[in-house]
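Report on one structure; see the data block that follows.
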There are 2 protein chains.
Amino acid sequence: MTTHRTDPIQLPVSDAIVLAPGVALQGTRRRFVRNEEVFGEGEAADHLYRVVAGVVRTIRFSCDGRRQILAFHFPGDVFGLEAGPRHGYAAEAVTDASVAVVRRSMIETAAARDPLAAQGLLRLVTSHLTQSQEHVLVLGRKGAGERVAAFLLQLADRVRPDIDLPMSRADIADYLALTIETVSRAFTQMERDQAIDLPTSRHVVLRNRGALEQLQAA
Amino acid sequence: MTTHRTDPIQLPVSDAIVLAPGVALQGTRRRFVRNEEVFGEGEAADHLYRVVAGVVRTIRFSCDGRRQILAFHFPGDVFGLEAGPRHGYAAEAVTDASVAVVRRSMIETAAARDPLAAQGLLRLVTSHLTQSQEHVLVLGRKGAGERVAAFLLQLADRVRPDIDLPMSRADIADYLALTIETVSRAFTQMERDQAIDLPTSRHVVLRNRGALEQLQAA
DNA sequence: CGCTCGATTGAGCCGCGTCAAAGTGCGTGG
DNA sequence: CCACGCACTTTGACGCGGCTCAATCGAGCG
């Protein structure tokens with residue numbers, strides 16, 4: 001999970017990748033329909049991507065074919081950065097999405113030329129690392145209810161108590177390493193506890209944030 | 001887990017941090033005894049560290065105080081890189097350890113001056129990110145036996161079928177998000193299956209690598 | 001209106017955590 | 001050198017949380 005804007009009023013997100021104030025790389029825009037692959041695991045990693053509109057997930061498959069979602073990427077978020085020449089994970093559109101694409105070589109020359117760009121790039125990857133470590137902590141040390149509560153709080157992040165989930169129960173389950181049934185039960189339980197409202201399965205209203213925070217506290 | 005050398009013949013590891021060929025930063029050496037804290041969660045993050053000898057773990061605590069080990073760092077590995085001004089996790093010596101320390105400001109000026117240094121730094125963080133994502137996959141999608149098998153294979157990594165575990169069962173458990181009992185049972189089971197030998201609890205001999213790899217395959 | 005896909009709910013089971021009790025190795029001091 | 005103590009590991013019995021399997025429900029859409 002990279003940022004967590006489900007803004008009804010979308011910030012204007014251009015199709016440039018901004019590495020630092022004053023350092024922006026113009027990209028070409030590509031559109032993807034729901035569940036379309038942006039890039040596949042093992043493909044050459046010679047582009048960098050930025051979500052303009054919609055939501056994108058990055059995923060890996062374990063040897064036996066079970067899916068693990070590594071992160072959800074919201075408008076403004078950058079994804080696709082890799083150490084090696086090939087992608088170690090795949091990316092897919094969660095919703096219809098618009099994505100800005102920049103050649104990796106462009107990034108690299110910009111970073112080589114401008115220290116500020118290099119610094120911005122580093123900051124980007126470092127923040128992804130921090131988020132991945134948080135993910136490890138959640139999967140390692142939290143129970144089912146706690147994971148779902150933490151997930152909702154991440155999405156709500158700011159004052160907004162109203163969340164329009166862009167992803168299915170299956171996506172949530174594969175992100176939190178649970179089953180759809182368990183996620184569903186967690187939602188129902190939280191509704192029963194007056195912590196949230198569920199007008200529809202994709203629409204969550206935070207009714208009692210304190211209760212959620214307590215629930216989340218592993 | 002950053003690298004996985006349990007080399008009996010330790011490579012000579014100097015107390016410099018090498019960001020790129022030709023770009024090395026001299027650090028000061030500090031020694032730590034077993035279980036000593038290298039830095040704490042929340043402390044100012046104005047140093048970068050490199051293991052010279054011994055093993056270091058980075059850890060986070062969940063709200064209820066349960067420990068999650070994020071990574072083990074072996075000689076040559078760099079750790080302590082952070083996005084923000086403060087450490088989001090702590091670091092402790094697993095064994096008596098010798099660590100090279102470099103001021104963060106030194107790193108930053110080197111990266112600002114030399115694009116190769118910046119590139120090396122980026123590569124470093126990116127590889128940490130890849131490893132953290134692998135960790136997510138293991139915790140999310142593997143059962144107990146599979147986790148332990150994957151852990152051992154990581155440690156053995158090369159041809160060396162002989163592993164001298166530098167860490168306790170408790171450390172392994174907190175890295176794999178299991179309990180010491182479950183880790184212990186996994187070891188005994190693997191021994192029963194002729195996959196490994198356990199001359200002592202800290203000494204593992206890989207007897208049947210194929211079996212381990214099959215076990216690891218979730 | 002009926003089909004289909006996603007979400008919910010229930011029943012039963014199993015893997016791993018919990019609790020408790022030995023067992024093992026190592027360092028220390030007598 | 002041996003005896004003791006302590007920390008770590010192993011092993012067993014048992015319970016519970018989350019997975020599996022299965023049925024039902026509900027919403028969007030042709």
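This is a predicted model, so every value here is computed, not measured. Here is the naming used below: chain letters follow the sequence lines, and residue numbers restart at 1 for every chain.
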Sequence neighbours excluded, every pair satisfying side chain to side chain donor-acceptor pair (under 3.5 Å) that has a member inside residues 31-48 of chain A
A/N35-A/R57
Would you please name every residue forming a side chain to side chain contact (heavy atoms under 4.5 Å, CB included) with [X], sequence neighbours left out?
| X | value |
| --- | --- |
| A/A217 | B/C63 |
| A/P85 | none |
| B/A186 | B/V148 |
| A/T188 | A/S184, A/R192 |

Nearest-0.5 Å distance, CD1 of residue A/I59 to CG of residue A/D174
8.5 Å
Between A/H135 and A/Y175 (judged by ring centroids, cut-off 6.0 Å), do the two rings come close enough to count as a pair?
yes
Could you list the protein-to-nucleotides 18-20 of chain C atom pairs, N/O on both sides, closer than 3.5 Å?
from   : atom 1 : to     : atom 2 : distance (Å)
C/dT18 : O4     : B/R185 : NH2    : 3.0
C/dC19 : N4     : B/E181 : OE2    : 3.0

Expressed as a whole number of angstroms, how long is the span from [X]:[atom1] to [N]:[atom2]?
| X | N | atom1 | atom2 | value |
| --- | --- | --- | --- | --- |
| B/I180 | C/dT24 | CD1 | P | 17 Å |
| A/L165 | C/dG6 | CG | P | 16 Å |
| B/E146 | C/dG15 | CD | P | 11 Å |
| A/D171 | C/dA7 | CG | C1' | 14 Å |
| A/R202 | C/dA7 | CZ | P | 6 Å |
| A/N35 | C/dG6 | CG | C1' | 13 Å |

Mind checking whether B/F79 and B/H73 have parallel, tilted or perpendicular rings, split at 30° and 60°?
parallel
Secondary-structure notation, DNA chain C, from Watson-Crick and G-U pairs under 3.5 angstrom (| other strand)
||||||||||||||||||||||||||||||
For [Y], is there any backbone N or O sitting under 3.5 Å from a side-chain donor or acceptor partner on [X]?
| X | Y | answer |
| --- | --- | --- |
| A/K142 | A/L137 | no |
| B/T95 | B/V55 | yes |
| B/E146 | B/G143 | yes |

May I ask you to list the residues of residues 188-201 of chain A, by number, that have any heavy atom positioned under 4.0 Å from an atom of DNA chain C?
A/T188, A/S201
So which heavy atom on A/L48 is nearest to which on A/G80, and how close?
CD1-C, 4.0 Å
Using 4.0 Å as the upper bound for N to carboxylate O, is an ion pair formed by A/E213 and A/R209?
yes
Qualifying salt bridge (charged side-chain N to carboxylate O under 4.0 Å, His left out) pairs with a residue from residues 123-138 of chain A, counting only residues at least two apart or across chains:
A/E134-B/R60
Under a 4.5 Å cut-off applied to non-hydrogen side-chain atoms, are B/V78 and B/Y49 in contact?
no
Distances under 3.5 Å only, N/O to N/O: pair up the protein atoms with those of nucleotides 2-4 of chain C.
none

Just the endpoints, please: which first and last nucleotides of DNA chain D, 5' to 3', lie under 4.0 Å from a heavy atom of chain B?
D/dT9 to D/dA13
Touch check for A/A177, heavy atoms < 4.0 angstrom, all strands: base, sugar-phosphate only, or nothing?
sugar-phosphate
My understanding is that only residues two or more places apart in sequence, or in another chain, count here; which of them pass side-chain hydrogen bond (donor to acceptor under 3.5 Å, both in side chains) with A/D197?
A/R207
